[in-house]
Participant: 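Before I ask anything, here is the structure I am working with.
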Amino acid sequence: MIDLKLLRNKKDYVASRLAARGTEIALDSVISADADRMSATRELEEMRKRMNEESAEIGKLAREGKDISARRRELKTLSDAIKEKESACREIEERFNSLALVLPNLPDESVPAGKSEDENVEIRKWGEPKQFSFEPKSHVEIGENLGILDFKRAAKMSGARFALYRGPGAWLERALISFMLNSHGANGYEEVITPFMVNRQAMTGTGQLPKFEDDLFRLEGLDMFLIPTAEVSVTNIYAGEILSAGELPRRFCAYTPCFRKEAGSYGKIATGLIRQHQFNKVELVKLSRPEDSMAELESLTADAELILQKLELPYRVVELCTGDLGFSAAKTYDLEVWLPSQNRYVEISSCSNFGDFQARRLGIRFRRESGAKPELVHTINGSGLAIGRALVAILENYQNEDGSVEIPKSVRHYMMDSDIIKKP
RNA sequence: GGAGAGGUGGCCGAGUGGUUGAAGGCAGCGGUCUUGAAAACCGCCGUGUGAAAGCACCGGGGGUUCGAAUCCCUCCCUCUCCGCCA
């Protein structure tokens, strides 16, 4: 949710920032719904004030033993009117919410302007794509040849966009999870294991709802959803709480599976691990003071990059332009890893500062000092990293001509010290 | 799944349908005293909205009533016991 005071007082500014994202929204309807809401509330409060005063008087008269039946009948009319007004207010409130909750966050001033991903800006590159003396194969080919990835059998039980990892493939996936969690733990992130199913309120808080319900798996009859990212359950940890300044920043890392319908992505890569309905991810989440959030985004991005560096995988950092930002994000860096089979960089992490957008929806606040007014925290999160895609990058970048795959030094320890996966 | 108990401010804990936004205690903050600290004493000490007055909030929602933290319904959550189970 964006700041309503900002919307009221600087409508043109808000409109221009939203326009920068390419969001065509009739702000006037939101603003008038907001005005309706305020005036209706005001009227209701006036009525309630009168009600309270007169009720108190009746109470007094009753205690004095006087006859109050006439006053009572009189007040019944007001009481009924208040009830009507209350239900009218509820409707107005709902109309306002339905408009306000679908407004995306405003891009930070520092975000480059642009319409689509074509205008994203490369910030830096790390490592050199390896030159192969043979035609590098795709991870699907490598994995199926080695017998460590089996998409056909996964499809028997679950359909397209699911994977069966086998033997060393499963080990590597598990090794990557442990390796990443340990790396982040050493950098001061508190490891958490969260629920993988959350309620509607939690999803609305981080911004997945109400707008993107089609992308989520909903549990029949429960009004609960499978999380599409650990961001949801981790960010919700402090929902509705007021932290003390000393508790900030809070830094969390979490491994969770992620579930996404990937509706409308049918034109995109359908084979392999790149786009799955269920995938594993280690996520980094921070809560910080407003003035620290940009620095925390930079360091969180660096922490995610460190994983790629330790895996010795070439990557680049791209800053998303205004037109490519996600719904809740104010500023985003994508990490893209080099995939030889595609001869290009592919997204493996997305690190964003959400400003107070999620905190406002979730009611996550902090107090600078005891007695001070609570202020909204800022939330920052990023993948650190997507496990399946990291495995893809390893298979492709570490492949040998004979079809075997070397295991990066930093994960060997997590794979019973084996250094290569080859055909048995 | 069955039976019961309960959800009040940061925490504990009172609360008769009507000056209760809510006693009391603890914690916290400020002060007096002290060389300093402790103790003692005094004061402050919820959130939202609003410029303010005000209004709202005692798990959520609905109802009864002139008036609800207090009565009724419903949902959610927590705890205990039984069953089942990793």
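So that the names make sense, note that chain A is the first sequence line, chain B the second, and so on, each numbered from 1. The structure presented is a predicted model; accordingly, all values stated were derived computationally and were not measured.
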Participant: Just distance, no hydrogens or angles: give the donor-acceptor pairs under 3.5 Å from side chains in residues 11-19 of chain A, sequence neighbours left out.
Facilitator:
| from | atom 1 | to | atom 2 | distance (Å) |
| --- | --- | --- | --- | --- |
| Lys11(A) | NZ | Asp28(A) | OD1 | 2.6 |
| Tyr13(A) | OH | Glu109(A) | OE2 | 2.7 |
| Ser16(A) | OG | Tyr13(A) | O | 2.9 |
| Arg17(A) | NE | Pro107(A) | O | 3.4 |
| Arg17(A) | NH2 | Pro107(A) | O | 3.2 |
| Arg17(A) | NH2 | Asp108(A) | O | 3.0 |

Participant: What's the gap between C55(B) and A22(B) when it is taken at their P atoms, as a whole Å value?
Facilitator: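 Between the two P atoms, the distance is 13 Å.
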Participant: Do Arg367(A) and Glu375(A) sit within salt-bridge range, that is, some charged N less than 4.0 Å from a carboxylate O?
Facilitator: no
Participant: Going by the rule side chain to side chain contact (heavy atoms under 4.5 Å, CB included), which residues pair with Glu57(A) if we only count those two or more places apart in sequence or in a different chain?
Facilitator: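 For Glu57(A) the side chain to side chain contact (heavy atoms under 4.5 Å, CB included) partners, ignoring immediate neighbours, are Arg71(A).
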Participant: If you look only at pairs with a residue in residues 154-175 of chain A, which of them pass as a ring-ring contact (aromatic ring centres under 6.0 Å, His included), with sequence neighbours excluded?
Facilitator: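 Residue pairs passing ring-ring contact (aromatic ring centres under 6.0 Å, His included), neighbours aside: Phe162(A)-His277(A).
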Participant: Stems in RNA chain B: runs of 3 or more consecutive Watson-Crick or G-U pairs, distances under 3.5 Å?
Facilitator: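 RNA chain B forms these stems: B:1-7 with B:76-82, B:10-12 with B:24-26, B:28-32 with B:40-44, B:46-49 with B:54-57, B:59-63 with B:71-75.
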Participant: Which pairs with one or both residues in residues 352-389 of chain A pass ring-ring contact (aromatic ring centres under 6.0 Å, His included), sequence neighbours excluded?
Facilitator: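 Sorted result for residues 352-389 of chain A: Phe327(A)-Phe357(A).
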Participant: How would you list all residue pairs meeting salt bridge (Lys or Arg N to Asp or Glu O under 4.0 Å) that involve residues 30-40 of chain A, not counting sequence neighbours?
Facilitator: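 Every pair satisfying salt bridge (Lys or Arg N to Asp or Glu O under 4.0 Å) with a residue in residues 30-40 of chain A: Arg8(A)-Asp34(A), Asp34(A)-Arg37(A), Asp36(A)-Arg95(A), Arg37(A)-Glu93(A).
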Participant: Quick test of your reading of the model: are Glu406(A) and Arg412(A) salt-bridged, counting only N-O distances below 4.0 Å?
Facilitator: yes
Participant: How is Lys83(A) classified with respect to the nucleic acid when contacts are heavy atoms under 4.0 Å: base, sugar-phosphate, or nothing?
Facilitator: base
Participant: Taking the C1' atom in each of G13(B) and A23(B), what is the distance between them to the nearest angstrom?
Facilitator: 10 Å
Participant: Classify the nucleic acid contact of Arg90(A) as base, sugar-phosphate or nothing, counting any heavy atom under 4.0 Å across all strands shown.
Facilitator: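 Arg90(A): backbone/sugar contact only, no base atoms under 4.0 Å.
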Participant: Could you work out, with ring-ring contact (aromatic ring centres under 6.0 Å, His included) as the rule, every residue matching Tyr189(A), not counting sequence neighbours?
Facilitator: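 So Tyr189(A) forms a ring-ring contact (aromatic ring centres under 6.0 Å, His included) with His184(A).
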Participant: If you measure from the C1' atom in G2(B) to the same atom in C73(B), how many Å do you get, rounded?
Facilitator: 23 Å
Participant: Looking across every strand, which nucleic acid part, if any, lies under 4.0 Å from Arg8(A) by heavy atom: base, sugar-phosphate, or nothing?
Facilitator: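 Sugar-phosphate contact only.
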Participant: Enumerate the side chain to side chain donor-acceptor pair (under 3.5 Å) contacts for residues 413-423 of chain A, please, sequence neighbours excluded, ordered by first and then second residue.
Facilitator: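 Pairs touching residues 413-423 of chain A that pass the test: Asn182(A)-Tyr414(A).
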Participant: Could you tell me how far G9(B) sits from A69(B) if I compare only their P atoms? Round to whole Å.
Facilitator: 15 Å
Participant: Using heavy-atom distances to pick each residue's nearest nucleotide on RNA chain B, tell me which of Ala56(A) and Glu86(A) is more 5'.
Facilitator: Ala56(A)
Participant: On RNA chain B, does the nearest nucleotide to Arg71(A) precede the nearest nucleotide to Arg367(A) from the 5' side, or the other way round? Give the residue.
Facilitator: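 Upstream on the strand: Arg367(A).
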Participant: Using the C1' atom as the reference point in each nucleotide, state the distance between C71(B) and C26(B) in Å, no decimals.
Facilitator: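 After rounding to an integer number of Å, I get 33 Å for this pair.
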Participant: Write down the distance separating the P atoms in A27(B) and C42(B), rounded off to the nearest Å.
Facilitator: 15 Å
Participant: Hey, can you pull the donor-acceptor pairs under 3.5 Å for the side chains in residues 208-215 of chain A, sequence neighbours left out?
Facilitator:
| from | atom 1 | to | atom 2 | distance (Å) |
| --- | --- | --- | --- | --- |
| Gln208(A) | OE1 | Thr206(A) | OG1 | 2.6 |
| Glu213(A) | OE1 | Arg200(A) | NH1 | 3.3 |
| Glu213(A) | OE2 | Arg200(A) | NH2 | 3.3 |

Participant: What distance, rounded to whole Å, do you find between the two C1' atoms, one in A39(B) and one in C33(B)?
Facilitator: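 A39(B) and C33(B) have their C1' atoms separated by 11 Å.
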Participant: First contact, last contact: which nucleotides of RNA chain B are these for chain A, 5' to 3', heavy-atom distance under 4.0 Å?
Facilitator: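 Under 4.0 Å from chain A, the extent on RNA chain B is G18(B) to G67(B).
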Participant: According to the salt bridge (Lys or Arg N to Asp or Glu O under 4.0 Å) rule, which pairs have a member within residues 300-313 of chain A, sequence neighbours left out?
Facilitator: Arg124(A)-Glu305(A)
Participant: Please give the distance between the C1' atoms of U20(B) and A14(B) as a whole number of Å.
Facilitator: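 It works out to 12 Å between them.
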Participant: Is Glu53(A) salt-bridged to Arg48(A), cutoff N-O under 4.0 Å?
Facilitator: no
Participant: So if I take residues 28-47 of chain A and measure heavy-atom distances to RNA chain B, which residues fall below 4.0 Å?
Facilitator: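 Per residue number, the list reads Arg42(A), Glu45(A).
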